[in-house]
Amino acid sequence: MLDIKFIRENLDVVKMAAQKKKIVVDLDRLVSLDDKRRELMSSLEKKRAQQNKASGEIAQAGSDEERQAMIAQMSELKTILQAEEEKFKPLMEEWKALMLQVPQVPDMTVPDGDSDEDNQEVKVWGEQTKFDFEPKDHVEIMTNLGMADFERGTKVHGFRGYYLTGDGARLCWAIWNYANTFFGAKDFVPLLGPSIVRKSNLFGTGHLPNEAEDVYHTQDEDYLIGTSEISTMGYYSDEVLDKAQLPIKYLAFSPCYRREAGSHGKDTKGLVRVHEFFKVEQVVLCEASHEESVQHHEWLNRNTEEFIESLGIPYHTVLNCGGDLGQGQVKKYDIELWVPLEKKYREISSASYFHDFQTRRFNTRYKDEDGKLRYAHSLNCTAIPTPRILVSLIENFQQADGSVRIPEVLQGYMGGRSVIEVMKETE
RNA sequence: GGUGAGGUGGCAGAGUGGUCGAAUGCGCUGCCUUGGAAAGGCAGUGUACGUUUAUGCGUACCGUGGGUUCGAAUCCCGCCCUCACCGCCA
């Protein structure tokens, strides 16, 4: 959500923003609606003022006749008022719907482009893994090692269903525990929140109204979160914080549900794209300053880079182009890990900042030194998604004999083992 | 799921049709008092939008959305939530 005043005063900027993000929204229509809104509102307010004034006079009227005369007069005004209110209602509905479509203005440094193909590589880390044997993909490796069961996953869940079994499950626990330690050392407060939430929270983060297709909801019209960003951002909705509390840094963990409605043909195999997964997420609320946002944004992204580096997986970082930005995002980095079998980098993390786009919708404010209320700034960045991370981890660390090397930092969480190999499971 | 009670300003808590944006107490801010503090005294203390800027003025907001009325915190209806007890349950 942008401030309507800002939109009016910077119409060209907002139009360019929409263009850059490939978002279609009729901003001229919005402004002309807003003209009408202002006009009608002022007219309504004048009439209400008149009504309020008369209301006091009626109460103190001397005689009954006087009173009746005034009531008759006000009755007329009421009819006019009601007619105007009837006009006002649909106008406001359209106005609000349009306001929800207006995109946040992207940062100057965001490159032009239509899709993720136009994202700009800003960093490369590690060597693209070379094998002196014929490498396998993660589906085959995991199945061979008893780490995953996709057939039964499909049997029980359906399309994109999976089980993690034995060492596959252990490896997930190891990653979660390691992430908890790693990010825990960076001054985050751990947060476990609801993954079933009210609809309003998805409007708050900007997932609604434009991504409705990709969201699950229940028969009670509650919604399943696609990221813990949603419930974490909802935490302080309609609240006023003390400036001294900022910045607030949460390390949230939750299951995530995505319908993947627009991607039926894509990534149909394995753990790349699933309906249900788990994610550790970094979320920050800071004061309303562009510089603070930028600083935290770089920091968040760097945290995840460091985490990936500690695992030893080759990656690159891209700066997302305009067309690959979400409606509310000012700027975004994606971290993509090397997937040897596909010979390309695959997204694993996304770091974005929003300025006050989300906090306006959530009505999350803080009191400044001068006593003024301001909307906080919000940011978020993936810490680690499971099981998607396993795709790269397993394919990069596979060995000629079909076993998988366990990154050193995870070994302590895997009973001190350094390799996953075929072994008899007792369960 | 059932029954009952209730949702008012930072908090507590009055207010059942007009002079109520809302008593009172607490808290908070400023001033007086003091060597300094406490106590005491005085004054002030919500948010958003519009208008005007030296102040100011107008509108809206008493969980939420409708309705009745010249006029609603107050009456009527729907919804949400909280609390208590019962039932069920990881």
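Reminder, nothing fancy here: chain letters follow the sequence lines and each chain counts from 1. Remember, predicted model here, so these are calculated numbers, not experimental data.
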Please work out which of the three classes, parallel, tilted or perpendicular, describes the rings of [Y] and [X], given edges at 30° and 60°.
| X | Y | result |
| --- | --- | --- |
| His297(A) | Tyr333(A) | parallel |
| Tyr178(A) | Tyr413(A) | tilted |
| Trp176(A) | Trp173(A) | perpendicular |

In this structure, how many angstroms lie between the [atom2] atom of [N] and the [atom1] atom of [X], rounded?
| X | N | atom1 | atom2 | value |
| --- | --- | --- | --- | --- |
| Asn201(A) | C80(B) | CG | P | 17 Å |
| Arg361(A) | A48(B) | CZ | C1' | 19 Å |
| Tyr366(A) | G10(B) | OH | P | 20 Å |
| Arg360(A) | U47(B) | CZ | P | 17 Å |
| Arg38(A) | C49(B) | CZ | P | 11 Å |
| Glu221(A) | C79(B) | CD | C1' | 14 Å |
| Ile4(A) | G50(B) | CD1 | C1' | 14 Å |
| Lys199(A) | C81(B) | NZ | P | 16 Å |

For this session: Give a yes or no on this: more than 12 heavy atoms of other residues, nucleotides or ligands lie within 6.0 Å of atom CD1 of Ile196(A).
Result: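 It does not: Ile196(A) CD1 has 12 such atoms or fewer within range.
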
Looking across every strand, which nucleic acid part, if any, lies under 4.0 Å from [X] by heavy atom: base, sugar-phosphate, or nothing?
| X | answer |
| --- | --- |
| Leu77(A) | nothing |
| Lys5(A) | sugar-phosphate |
| Arg365(A) | sugar-phosphate |

Which one is paired to [N], where only Watson-Crick or G-U wobble pairs with both distances under 3.5 angstrom count?
| N | result |
| --- | --- |
| U64(B) | G78(B) |
| A90(B) | none |
| C57(B) | G50(B) |
| C85(B) | G2(B) |
| C31(B) | G41(B) |
| G71(B) | none |
| C20(B) | none |

Taking the six-membered ring for Trp, is the centroid-to-centroid distance between [X] and [Y] below 6.0 Å?
| X | Y | answer |
| --- | --- | --- |
| Tyr250(A) | Tyr235(A) | yes |
| Tyr216(A) | Tyr223(A) | no |
| Phe182(A) | Phe307(A) | yes |

Problem set entry | Gap in Å between the two C1' atoms, one belonging to A84(B) and one to U29(B), rounded |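 The same atom, C1', in both gives a distance of 40 Å.
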
Seminar exercise, completed: Under a 4.0 Å heavy-atom criterion, the protein footprint on nucleotides 55-70 of chain B, written with B, S and -, is ---BSS--------BB

Exercise. Are any of Arg198(A)'s side-chain N or O atoms less than 4.0 Å away from OP1 or OP2 of C81(B)?
Worked result: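 Answer yes for this pair, as a side-chain N or O of Arg198(A) is under 4.0 Å from OP1 or OP2.
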
Exercise. Which comes earlier along RNA chain B counting from the 5' end, the contact point of Gly56(A) or that of Met41(A), where each point is its nearest nucleotide?
Worked result: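 Residue closer to the 5' terminus by nearest nucleotide: Gly56(A).
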
For this session: Could you go through the side-chain hydrogen bond (donor to acceptor under 3.5 Å, both in side chains) check for His290(A) and His355(A) one step at a time?
Result: CA-CA 7 Å; His290(A) 174 70; His355(A) 283 165; 2.9 Å; yes

